[in-house]
Structures are given as C-alpha cells and as structure tokens.
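Below you'll find the structure, written out as structure tokens, and then a few comments.
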Amino acid sequence: MTSIAAAFVQRGKKIVAIGRNYAAHAKELNNPTPKEPFFFLKPTSSYVPSGGCVEIPRGIIAHHEVELGLVIGKGGRDIPHTTAPTHVAGYTLAVDMTARNLQDKVKKMGLPWSAAKGFDTFTPIGPFIPKSTVPDPHSLRLSLKINGVLKQDGVTSDMIFRIPRLIEHISSIMTLEEGDLILTGTPEGVGQVVPGDKVDCLLADENGKELAALNFTAVAREGGYEFQP
C-alpha cells in the first residue's frame, strides 16, 4: 500500500508555503528580509500534475516561483529543529504560481493573500522523491525555463532559514501531518507566465544529476474569476 506521504498530492491535507526565504528574491520584489520564517497556506485543490495546464484567470498577471518542496512523513507538534529531519519523508519540485497584481492589490489593503495563491492549478507539482535519494537538501539546484529561455536558476544553500528551522517554526503554530507539503521558498528571477507559454523546471543535485522534472503549459481560464483593478 502506498504511504500517505508518497501519495501526498491525493492524500495530503495542506500546503504550507514559506515566503521570502531567499534574500535576492525578497530584494527583487522590494520586500524586507524576514527575521523569522513566515508562511501562508495554499489549498490542495491547487495541485496540477506535471504535464498539465495552469489556467490563468482573466485579467490576472501570473508569476512563476519554482521551489523545493518537502513532504512530511511523521506528523508532530512543537518539533525541535534537532529532530526535524526525522519527520521528512521526501521531497518534490513545485511551482508556487502567484496572481501578482491581485497580491499587490490586497497587500496594499492589508488583506490576506489566499486568493492570489489559491487558484485551481496554481501549484504545479512534480514526483515524490524519497529522502534516501537526497543526502543534503541544502545542496540542490532549482531551475525554470519558459519556452526554452532560462528564467530562474538558484541553489537551496541560499535559503535564509533551513529546513529544520522551518519545520520547528511551523509546528510551533500548527500541527504538521503526514502528507503535508512545505514549499521552502523561491530564488530570484520570478516573472510572468502568459497563455501559450511552455514551462520546464528541473531539480538537480550538486553534481548536476537530475532528481525531478516538472513541466506545464499555461492556458487562459474560461469563466470564473476576473480581476478588477
């Protein structure tokens, strides 16, 4: 029987996404570097598997943010950073799609980001990667290309807060459960994806060996939400 963690896309309960965990990315959006981790939640209904289509709602400026995801294998509350790695079942490659103009609008109004991050298909997701195949999650390379042109190319060693600290912080606020996904932040180079774009992402180890690939096509969403400036 497949574990909940290995089937996290179908069986996981929540997506916890870390914001501004790469200093260069925070700078490119004119955001301050956080003094402690901060996060937001995305619905699991936003998952779309590799090879699928990301639907961009009418009037939305959609940005790509490629990220290393970690899948919780053993749940817990108030998990200390010293034992946090034992709670990880594996990893994945993901893109946190963001409705940037909607996000900017609600931020100025002091409102939550849930809509800007939570559209259906706004979390393209790659395969489950068992922890045993990733000796050091902080020595990986993330890249994203649009129509063959490299847009993001970063290394997980640049994380401001490392994975044990992220697990410690999140679990001090909410219980983590098996199958939960933590998105660990995106390196610099985020930008717009428009209908018709072909997006290809890669996760590789420090020697360049491919660990996971993820691809999707952007399309215009029919019906549903329409952004009003």
Side-chain angles (χ1 to χ4, degrees), residues 15-42 46 54 61-72 81 84-85 88 90-101 103-104 107 113 116-118 122-126 129 131 134-146 149-171 173 176 180-193 199-208 210-214 216:
I15 304 169
V16 184
I18 303 295
R20 303 172 196 168
N21 201 26
Y22 289 75
H25 170 60
K27 184 178 179 180
E28 73 180 347
L29 294 183
N30 297 313
N31 290 319
T33 302
K35 292 182 170 55
E36 69 174 13
F38 90 93
F39 62 86
F40 51 91
L41 299 178
K42 298 189 70 161
S46 67
V54 166
I61 296 173
H63 278 198
H64 58 79
E65 300 184 8
V66 68
E67 311 203 10
L68 173 69
L70 68 92
V71 183
I72 296 297
H81 72 273
V88 177
Y91 304 93
T92 190
L93 178 60
V95 177
D96 171 23
M97 293 296 298
T98 304
R100 190 70 70 199
N101 52 346
Q103 183 188 41
D104 289 344
K107 280 171 64 177
W113 305 357
K117 296 284 190 174
F122 262 37
T123 311
I125 196 75
I129 308 165
K131 182 170 70 170
V134 183
D136 182 6
H138 300 104
S139 64
L140 305 177
R141 181 170 292 277
L142 295 160
S143 63
L144 179 145
K145 294 180 179 179
I146 298 179
V149 179
L150 186 65
K151 298 294 185 178
Q152 288 188 270
D153 185 20
V155 288
T156 56
S157 58
D158 286 343
M159 287 184 192
I160 297 170
F161 303 106
R162 297 207 160 195
I163 288 169
R165 175 76 174 96
L166 300 179
I167 293 173
E168 180 181 67
H169 179 73
I170 296 165
S171 69
I173 296 168
L176 286 169
D180 285 349
L181 177 69
I182 298 175
L183 299 179
T184 57
T186 191
E188 65 180 320
V190 304
Q192 189 172 6
V193 177
V199 180
D200 293 281
C201 309
L202 196 66
L203 178 67
D205 67 15
E206 58 188 334
N207 299 313
E210 179 181 319
L211 297 174
L214 166 62
F216 61 88

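This structure is a prediction, so every number in the text was calculated from the model and none was measured.
Thr186 places no side-chain N or O within 3.5 Å of a backbone atom of Glu67 that could act as its donor or acceptor partner. Between the Gln103 side chain and the Thr98 main chain, no donor and acceptor come within less than 3.5 Å of each other. In terms of modelled atom types and a separation under 3.5 Å, the side chain of Lys42 and the main chain of Lys117 share a donor-acceptor contact. Using modelled atom types, one side-chain atom of Lys131 and one backbone atom of Val88 make a donor-acceptor pair closer than 3.5 Å.
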Problem set entry | Residue pair Leu70, Ile167: steps toward the side chain to side chain contact (heavy atoms under 4.5 Å, CB included) verdict | CA-CA 10 Å; Leu70 68 92; Ile167 293 173; 4.2 Å; yes
For this session: Give the C-alpha distance, both sets of side-chain angles, the deciding distance and a yes or no for side chain to side chain contact (heavy atoms under 4.5 Å, CB included) between Arg141 and Ser157.
Result: CA-CA 9 Å; Arg141 181 170 292 277; Ser157 58; over 6 Å; no
For this session: With side chain to side chain contact (heavy atoms under 4.5 Å, CB included) as the test, would you mind laying out the steps for Phe216 and Val95 before giving the verdict?
Result: CA-CA 10 Å; Phe216 61 88; Val95 177; 4.0 Å; yes
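Phe39 meets the ring-ring contact (aromatic ring centres under 6.0 Å, His included) test with no other residue; sequence neighbours excluded.
The CD1 atom of Ile173 lies 11.0 Å from the CD atom of Glu168; values are rounded to the nearest 0.5 Å. Atom-to-atom distance recorded for Arg100:CZ and His64:NE2 is 9.5 Å, nearest 0.5 angstrom. To the nearest 0.5 Å, the span separating CG on Leu211 from CG on Asp205 amounts to 5.0 Å. Distance check: Gln192 CD to Asn101 CG gives 8.5 Å after rounding to the nearest 0.5 Å. Rounding to the nearest 0.5 Å gives a distance of 5.5 Å between CG of Asn21 and CD1 of Ile160. Between atom CD of residue Glu65 and atom OG1 of residue Thr123 there is a gap of 10.5 Å, rounded to the nearest 0.5 Å.
Considering all non-hydrogen atoms of both residues, Leu93 and Leu203 come closest at CD2-N, 3.7 Å. Between Thr156 and Leu68, the shortest heavy-atom distance links the atoms CG2-CD2, 4.1 Å. What you find for Val66 and Pro187 is that their closest heavy atoms are O-CD, 3.5 Å. In terms of heavy atoms, Gly126 sits closest to Leu214 at N-CD1, 4.0 Å. Taking all atoms of both residues into account, the shortest heavy-atom contact from Ala94 to Leu183 is CB-CD2, 3.6 Å. Here the closest non-hydrogen pair linking Val155 and Tyr22 is O-CE2, 3.3 Å.
You'll find the side chain of Leu176 reaches within 4.5 Å of the side chain of Ile182, heavy atoms only. At least one side-chain heavy atom of Gln152 sits under 4.5 Å from a side-chain heavy atom of Val190. Side-chain contact between Ile170 and Ile18 is present, with heavy atoms from C-beta onward closer than 4.5 Å. Here the side chains of Val54 and Val193 are not in contact, with every heavy-atom distance at 4.5 Å or above. A 4.5 Å side-chain heavy-atom check between Val16 and Leu41 finds at least one atom pair inside the cut-off. Within the 4.5 Å cutoff, the side chain of Arg20 has heavy atoms near those of the Pro32 side chain.
Enclosure of atom NE2 in His169 by more than 12 non-hydrogen atoms of other residues, nucleotides or ligands within 6.0 angstrom is indicated. The number of heavy-atom neighbours closer than 6.0 Å to NZ of Lys145, taken from other residues, nucleotides and ligands shown, is 12 or below.
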